[in-house]
Amino acid sequence: MARRTPLNEAHRKLGARMVDFVGWDMPVQYSSIIEEHEAVRTAVGLFDVSHMGEVEFRGPGALETANRLISNDLAKCADGQAVYAGLLNEQGTFVDDVVAYRFSPEHIFVCVNSSNREKDFAWMSERAQGVKPVDRSDDFAQIAVQGPKAPGLVQRLTKADLSKVGTYRFTEGEVAGVKCIISRTGYTGEDGFELYCAPNDAEKLWNALLQEGQTDGVKPCGLGARDSLRTEMKYALYGNDIDDAHTALEAGLGWIVKLDKPGGFIGKEALEKQKAAGVKRKLVGFEVTGRGIPRHGYPILKNGQRVGEVTSGTMGPSVKKPIGIGYVPTELAAEGSTFDVEIRGQPVTAQVVKTPFWKKP
């Protein structure tokens with residue numbers, strides 16, 4: 001039986017279409033994916049992301065222990081700051097991508113992907129040299145409030161001064177009377193917050209955001225809109241765009257790889273070798289210039305030969321074009337390069353473009 005978040009009944013009351021997503025019973029849409037997508041681009045949308053996992057490191061040495069496990073550098077962060085990072089294996093490929101929060105040098109909090117909760121915790125437990133991680137996944141629900149009107153909506157429900165919480169910063173406080181971690185992070189390309197709270201408080205918080213946000217045009221949003229929004233930003237999705245077969249450098253995520261970090265990190269040596277030898281394939285964004293929509297798994301062809309594979313693709317509701325992400329040989333990765341995507345058995349021309357696909361007007 002699929003797992004359920006604390007908001008499952010709330011989704012059903014709102015008429016959401018529910019689907020199985022990596023073993024979770026989750027809403028894919030409430031009204032339509034396009035309506036929900038546009039609500040986030042122009043107003044505010046709510047996402048239930050309580051299926052994500054949380055791992056905590058507490059005690060002397062927590063910072064050093066966690067920092068060795070991730071590719072980015074928490075030591076350069078201030079308390080109250082978060083970083084996007086990779087959990088990499090010894091080959092420099094992905095165990096997962098995560099957001100790591102620094103409460104203090106003795107308290108580090110890591111949010112991991114839902115599909116990798118158990119795997120990540122086992123991986124971190126086995127490799128932690130110092131403080132042992134604690135799986136806190138069942139202690140938190142998470143609601144993402146995203147869109148240009150999201151800051152105003154959340155601010156009206158909290159006494160915390162959110163003007164002081166910049167991008168990838170966080171604070172703690174009550175929102176609608178619910179104790180939360182209030183993090184200015186997200187996965188849509190829009191401003192907004194991710195609110196972590198106790199599972200028993202999730203429905204109270206969800207309903208308060210829906211009620212207070214009526215004048216903002218708030219909409220509950222499902223997995224469908226979340227995928228089209230993140231694809232327009234070329235945000236990587238584990239299992240599609242990043243996995244244990246592609247390195248962080250191939251994925252274009254060299255900016256989260258701190259090769260000069262004191263103490264190093266798992267996967268550093270492999271990435272140093274790859275950087276010295278040259279990356280042979282790259283993850284690029286492309287537009288389909290012919291008819292058709294690229295989808296995950298479709299072959300990428302050059303002169304009739306398979307040279308890569310689409311990792312994500314959609315008809316972008318904001319850019320109003322068929323767009324995709326995929327790995328290609330480095331010689332085809334430059335902006336303006338062309339290749340074919342095999343769509344329904346037919347080659348369709350596509351061109352590499354600068355990303356993100358969507359930029360705020």
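FYI, side chains are in, hydrogens and waters are out, and symmetry mates aren't considered; it's all heavy atoms of this structure.
A salt bridge between Asp201 and Lys204 is absent, with no side-chain N of the basic residue lying under 4.0 Å from a carboxylate O of the acidic one.
Pro322 and Pro294 make their closest contact through CB-CD, 4.0 Å (heavy atoms, listed as atom of the first residue, atom of the second, distance). Taking every heavy atom of both residues into account, Ala2 and Trp24 meet most closely at CB-C, 4.0 Å.
Tyr327 and His246 have parallel rings, their planes meeting at less than 30° on a 0 to 90° scale where 60° marks the start of perpendicular.
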Test log, rule salt bridge (Lys or Arg N to Asp or Glu O under 4.0 Å), inputs Lys234 and Asp241: CA-CA 9 Å; Lys234 195 176 172 266; Asp241 312 299; over 6 Å; no

Gln142 and Ser50: CA distance, side-chain angles, deciding distance, side-chain hydrogen bond (donor to acceptor under 3.5 Å, both in side chains) verdict: CA-CA 4 Å; Gln142 190 186 154; Ser50 304; over 6 Å; no

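The only member of Glu232, Lys360, Glu38 that meets side chain to side chain donor-acceptor pair (under 3.5 Å) when paired with Ser318 is Glu232.
The shortest side-chain heavy-atom distance between Leu87 and Trp123 falls under the 4.5 Å cut-off.
If you look at Tyr238 and Phe94, their ring centroids are not closer than 6.0 Å. Remark: aromatic rings of Phe357 and Phe286 are distant, center separation not under 6.0 Å.
A distance of 14.0 Å separates OG1 of Thr247 from NZ of Lys273, quoted to the nearest 0.5 Å.
In this structure, Val310 is not a member of the same hydrophobic cluster as Tyr235, with clusters built from ILVMFWY side-chain heavy atoms closer than 4.5 Å.
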